[in-house]
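These notes are about the structure you will find just below.
Because the structure is predicted, anything quoted here is derived from the model rather than measured.
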Amino acid sequence: MAEQSMRVLVFSHKAEVREAIVNAVGRRPAADVGRVDYVEAAGIADVLSEVDAGNVDLAILDGEAQPTGGIGLCRQLKAEIGAGAGRAGKNTVCPPIVVAVRRRDDRWLATWSQADAVLVHPLDPLTAAETVADVLRARRVPVVNG
């Protein structure tokens, strides 16, 4: 049976930031979470489109993106989509979100935004992969018998 890959959206207005995130996390952050396929977004409209369509297993947002940063976008997604409220009448569940910040002191802002996890630049590949793997593991819905 073929292993299903996880779809991770990476948002930043800067291509080099998106590339740094993809390179740090890698294509297989942990053996038990499987392969990761990335979709990159340079603008808010692309993020909203992918999330609204339910195409995202995890989103990694650049907290420093311009003109709207990932911290504000995370807060918006969590408030508008939440656990199934949906945007524009859709029954979409907000995917887990990791926010990448430039300064360690900005971790509290990412927490305020309701991010599921926070990464701090410069990205350490081991920490980034472990963080993403932990969030993907937590996303799994347990099988209930009975």
*Any chance you could measure Q114, atom CD, to L77, atom CG, to the nearest 0.5 Å?*
10.5 Å

_Heavy-atom pair of closest approach, residues A24 and A128_ = CB-CB, 3.9 Å

*Evaluate side-chain contact (heavy atoms from CB on, under 4.5 Å) for V47 paired with L9, printing each intermediate quantity in order.*
CA-CA 8 Å; V47 175; L9 179 134; 3.9 Å; yes

*Stepwise, does the side-chain contact (heavy atoms from CB on, under 4.5 Å) test hold for I21 with N23?*
CA-CA 5 Å; I21 291 169; N23 287 338; over 6 Å; no

_With T127 via side-chain hydrogen bond (donor to acceptor under 3.5 Å, both in side chains) - residues at least two apart_ = D124

*Does E19 come within less than 4.0 Å of K14, counting only side-chain N to carboxylate O?*
no

*Does any non-hydrogen side-chain atom of M6 lie less than 4.5 Å from one of D37?*
no

*Quick one: are L58 and V98 in side-chain contact, heavy atoms under 4.5 Å?*
yes

*Pairwise distance CG(D52) to CD(E50) - rounded to 0.5 angstrom*: 10.0 Å

*Any sub-3.5 Å donor-acceptor pair from S113's side-chain atoms to A110's backbone N or O?*
yes

_E40: side-chain hydrogen bond (donor to acceptor under 3.5 Å, both in side chains) partners, not counting sequence neighbours_ = R18

_Candidate list D57, V8, V51, test side-chain contact (heavy atoms from CB on, under 4.5 Å), partner P95, passing option_ = V51

_Of all pairs that satisfy salt bridge (Lys or Arg N to Asp or Glu O under 4.0 Å), the ones with a partner from residues 94-103, not counting sequence neighbours_ = R103-D106

*Locate the shortest heavy-atom distance separating R27 from Y38; write the atom from each residue and the value.*
NH1-CD1, 3.1 Å

*Any donor and acceptor pair, going by atom type alone, linking the side chain of H13 with main-chain N or O of A42 inside 3.5 Å?*
no

*Locate the shortest heavy-atom distance separating C74 from V99; write the atom from each residue and the value.*
CB-CG2, 4.0 Å

*Test V93 against I81 for side-chain contact (heavy atoms from CB on, under 4.5 Å), laying out the working first.*
CA-CA 6 Å; V93 175; I81 298 174; 5.6 Å; no

_Do I71 and V101 make a side-chain contact, defined as non-hydrogen atoms from C-beta onward lying under 4.5 Å apart?_
yes

_Derivation and outcome, side-chain contact (heavy atoms from CB on, under 4.5 Å), residues K78 and I97_ = CA-CA 9 Å; K78 294 290 187 168; I97 299 174; 4.0 Å; yes

*Any chance you could lay out the salt bridge (charged side-chain N to carboxylate O under 4.0 Å, His left out) test for D105 and R107, step after step, and finish with the verdict?*
CA-CA 6 Å; D105 291 347; R107 292 176 62 92; over 6 Å; no

*Where do D116 and P96 come nearest, in terms of heavy atoms and distance?*
OD2-CA, 3.2 Å

*asked:* salt bridge (charged side-chain N to carboxylate O under 4.0 Å, His left out), that's the test. Do R137 and D32 meet it? Break it down for me.
replied: CA-CA 8 Å; R137 282 185 202 107; D32 65 321; 2.7 Å; yes

_Give me the atom names and distance for the closest heavy-atom approach of G34 to P29._
O-CD, 4.0 Å

_I'd like to check E130 versus V25 (side-chain heavy atoms, cut-off strictly below 4.5 Å). Are they in contact?_
no

_R75 side chain vs W112 backbone, donor-acceptor pair below 3.5 Å_ = yes

*Where do G26 and V36 come nearest, in terms of heavy atoms and distance?*
O-CB, 4.3 Å

*Between atom CD1 of I60 and atom CZ of F11, what is the distance when rounded to the nearest 0.5 Å?*
13.0 Å

*Straight-line distance of L61 CG to T68 OG1, nearest 0.5 Å*: 11.5 Å

